[in-house]
> 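Below is a structure I'd like to ask you about.
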Protein chains: 4
Amino acid sequence: MEASAGIDPTGEVNGGHLRSFIERIERLEEEKRAIADDIKDVYGEAKSTGFDPKIMRKIVSLRRQDKHKRAEEEEILELYMAALGD
Amino acid sequence: MEASAGIDPTGEVNGGHLRSFIERIERLEEEKRAIADDIKDVYGEAKSTGFDPKIMRKIVSLRRQDKHKRAEEEEILELYMAALGD
Amino acid sequence: MEASAGIDPTGEVNGGHLRSFIERIERLEEEKRAIADDIKDVYGEAKSTGFDPKIMRKIVSLRRQDKHKRAEEEEILELYMAALGD
Amino acid sequence: MEASAGIDPTGEVNGGHLRSFIERIERLEEEKRAIADDIKDVYGEAKSTGFDPKIMRKIVSLRRQDKHKRAEEEEILELYMAALGD
DNA sequence: TTTGCATCTAAAAGCC
DNA sequence: GGCTTTTAGATGCAAA
């Protein structure tokens, strides 16, 4: 990275620009936290209606793995195709 | 937790209800992931305009701690107030 | 954890014992590094005989995921069994 | 890399050879994982006898850095020696 | 060189 | 309230 990164010719960092990035990130993180809370609420709600959150988490995890695996299989297929001369 | 959790008197789990919980969670997790990606994008954008993401993360983290600390102090204050008879 | 952790009644840490733990860890880490180097060598060897390391890494990764998934499936099975009253 | 990597003139990948490479890697990765587990165990053991694993990690890390530094200094020394006509 | 990726550590949350 | 599982952050390695 260049030494002048984020620093203008006068040697000052561009505070306003940085602040805007920081604030965008903070807004997004707050949204993320809110969603995480929602997820926790759903687990709580499910638990209070008699489902086991631990099992539910496993189910969610397994389904996520399935999706991920399928995506990777597609990737590797493309790699093979390319290796075979496309 | 009772052994019959999520299982009706006939010994059947309520699949439809469970499915609906799972799907709500999966939707929320997808939103969460999307926001996490957005955050990563912002860091990337900031980096490409010359800011150091590592330093930015530190700033965000410090500001988060500050906020947390302020919230705790307010809690304590309220406890004192309550102890003093409101 | 108690405040006297790793500290004898005279207020001294038990240097000899600590040293022995540290050295065990360092020996193990060295072995680990050696194996990591071996792995790198195998990829290099495979590459020099005409295989694409990138594809190989994907294959290894997919097979690892398979194993992991199977392990989780077994776990969840046990959870189900337990939930059904075992 | 050439497009024909790992592929013989008939357009077939040499499955047997590839499989042997993959299996060698998987065996090595398993060994690596086993050692990583051993390391974790040692930290656990140390913790249960009253040492703080976090501090221990710091010690191990510092000693590793020292070793690197000494190795680098030796390299530089050799360069000097060579420059001086051996 | 730089980006992305995978590993590993440090912190947080949930559960018992 | 400890303990384990989860998640964020940091570092090191490999591909482009």
Side-chain angles (χ1 to χ4, degrees), chain A residues 1-3 5 25 28-29 32-33 35-37 39-44 46-47 52-58 60-61 64-65 68 71-72 75 79 82-83, chain B residues 1 5 25 29 32-33 35-37 39-41 43-45 47-48 50 52-62 64-65 68, chain C residues 1-2 5 25 28-29 32-33 35-44 46-47 51-58 60-62 64-65 68 71-72 75-76 79 82, chain D residues 1 5 25 29 32-33 35-37 39-41 43-44 47-48 52-62 64-65 68:
Chain A
M1 166 158 332
E2 43 175 339
I25 289 166
L28 288 166
E29 294 210 328
K32 188 147 83 70
R33 249 187 311 276
I35 291 176
D37 286 345
I39 292 172
K40 207 187 314 181
D41 288 347
V42 177
Y43 278 116
K47 176 174 185 176
D52 181 339
K54 191 171 173 183
I55 292 181
M56 291 178 66
R57 284 176 193 279
K58 270 269 180 276
V60 170
S61 158
R64 182 167 45 223
Q65 283 177 51
H68 185 229
E72 277 218 333
E75 270 184 66
L79 286 175
Chain B
M1 153 145 357
I25 289 166
E29 293 210 330
K32 186 152 152 282
R33 243 185 318 271
I35 291 176
D37 286 346
I39 292 173
K40 210 188 312 180
D41 288 347
Y43 277 115
E45 195 185 331
K47 176 175 184 176
S48 74
D52 182 338
K54 188 172 172 181
I55 293 178
M56 291 178 65
R57 284 179 191 277
K58 260 285 177 272
I59 294 171
V60 170
S61 158
L62 287 172
R64 184 165 44 222
Q65 284 172 44
H68 190 225
Chain C
M1 167 164 325
E2 44 176 337
I25 288 166
L28 288 166
E29 294 210 330
K32 187 146 87 65
R33 249 188 311 277
I35 291 176
D37 286 345
D38 288 347
I39 292 172
K40 207 187 313 181
D41 289 347
V42 177
Y43 277 115
K47 176 174 184 176
F51 294 105
D52 181 338
K54 189 173 175 182
I55 292 180
M56 291 179 64
R57 285 177 193 279
K58 267 274 181 273
V60 170
S61 158
L62 282 171
R64 184 166 42 222
Q65 283 175 48
H68 186 229
E72 278 218 332
E75 271 184 65
I76 206 175
L79 286 175
Chain D
M1 155 143 355
I25 288 167
E29 294 210 329
K32 187 154 150 278
R33 224 166 297 130
I35 291 176
D37 286 346
I39 292 173
K40 210 183 318 177
D41 287 348
Y43 278 115
K47 174 174 184 176
S48 75
D52 181 338
K54 190 171 172 181
I55 292 178
M56 291 178 65
R57 285 177 192 279
K58 260 285 177 271
I59 293 172
V60 170
S61 158
L62 287 172
R64 184 165 45 221
Q65 284 172 43
H68 276 176

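Residue numbers begin at 1 in each chain, while the letters A, B, ... track the order of the sequences. Computed over heavy atoms, backbone and side chain alike; hydrogens, waters and symmetry mates excluded. Treat the numbers as computed from the prediction; the structure is a model and nothing was measured.
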> According to salt bridge (Lys or Arg N to Asp or Glu O under 4.0 Å), who are the partners of C:Arg64, at least two apart in sequence or on a separate chain?
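Expected list: D:Glu29.
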
> On a heavy-atom basis, which atom in C:Met56 and which in C:Ala46 lie closest, and how many Å separate them?
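Looking at all heavy atoms of both residues, the closest pair is SD-CB, 3.5 Å.
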
> Using whole Å, what does the distance between atom C1' of nucleotide F:dG2 and atom CG of D:Asp52 come to?
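D:Asp52 atom CG is separated from F:dG2 atom C1' by 15 Å.
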
> When the distance from CD of A:Glu29 to P of E:dA12 is rounded to whole Å, what number comes out?
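Whole-Å distance recorded here is 13 Å.
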
> Return the value, rounded to whole Å, for the distance between atom CE of D:Met56 and atom P of E:dC8.
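Nearest whole value for this atom pair: 18 Å.
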
> In whole angstrom, what separates B:Lys32's NZ from E:dA13's P?
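Interatomic distance, NZ of B:Lys32 to P of E:dA13: 12 Å.
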
> Please find the pair of heavy atoms, one from B:Ile35 and one from A:Leu28, that lie closest to each other, and give the distance.
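Smallest heavy-atom distance, with atoms named: CG2-O, 3.3 Å.
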
> With heavy-atom distances below 4.5 Å as the criterion, would you say the side chains of D:Tyr43 and D:Val60 are in contact?
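Side chain of D:Tyr43 against side chain of D:Val60, heavy atoms only: contact under 4.5 Å found.
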
> Report which part of the nucleic acid B:Arg64 touches: base, sugar-phosphate, or nothing (heavy-atom distance under 4.0 Å, all strands).
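Sugar-phosphate, backbone atoms only, no base.
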
> Tell me which one of C:Lys47, C:Lys58, C:Lys40 satisfies side-chain contact (heavy atoms from CB on, under 4.5 Å) with C:Pro53.
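So, applying the side-chain contact (heavy atoms from CB on, under 4.5 Å) to C:Pro53 and each of C:Lys47, C:Lys58, C:Lys40, only C:Lys47 qualifies.
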
> Under a plain distance cut-off of 3.5 Å, with no hydrogens placed, do A:Gln65 and C:Gln65 share a side-chain donor-acceptor pair?
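The criterion, which ignores hydrogens and geometry beyond distance, is not satisfied for A:Gln65 and C:Gln65.
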
> Write down the distance between CG (A:Asp37) and C1' (E:dA12), rounded to a whole number of angstrom.
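For the pair A:Asp37 CG and E:dA12 C1', the rounded distance is 13 Å.
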
> Distance check needed: E:dA13 P versus A:Tyr43 OH, whole Å only.
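Nearest whole value for this atom pair: 16 Å.
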
> When the distance from CZ of A:Arg33 to C1' of E:dA13 is rounded to whole Å, what number comes out?
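A:Arg33 atom CZ is separated from E:dA13 atom C1' by 14 Å.
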
> Can you check the B:Ile35 CD1 to F:dT7 C1' distance for me, whole Å?
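Rounded to whole Å, this separation is 16 Å.
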
> Which letter, B, S or -, goes with each nucleotide of nucleotides 10-16 of chain F from 5' to 3', with contact meaning a protein heavy atom under 4.0 Å?
SS--SSS

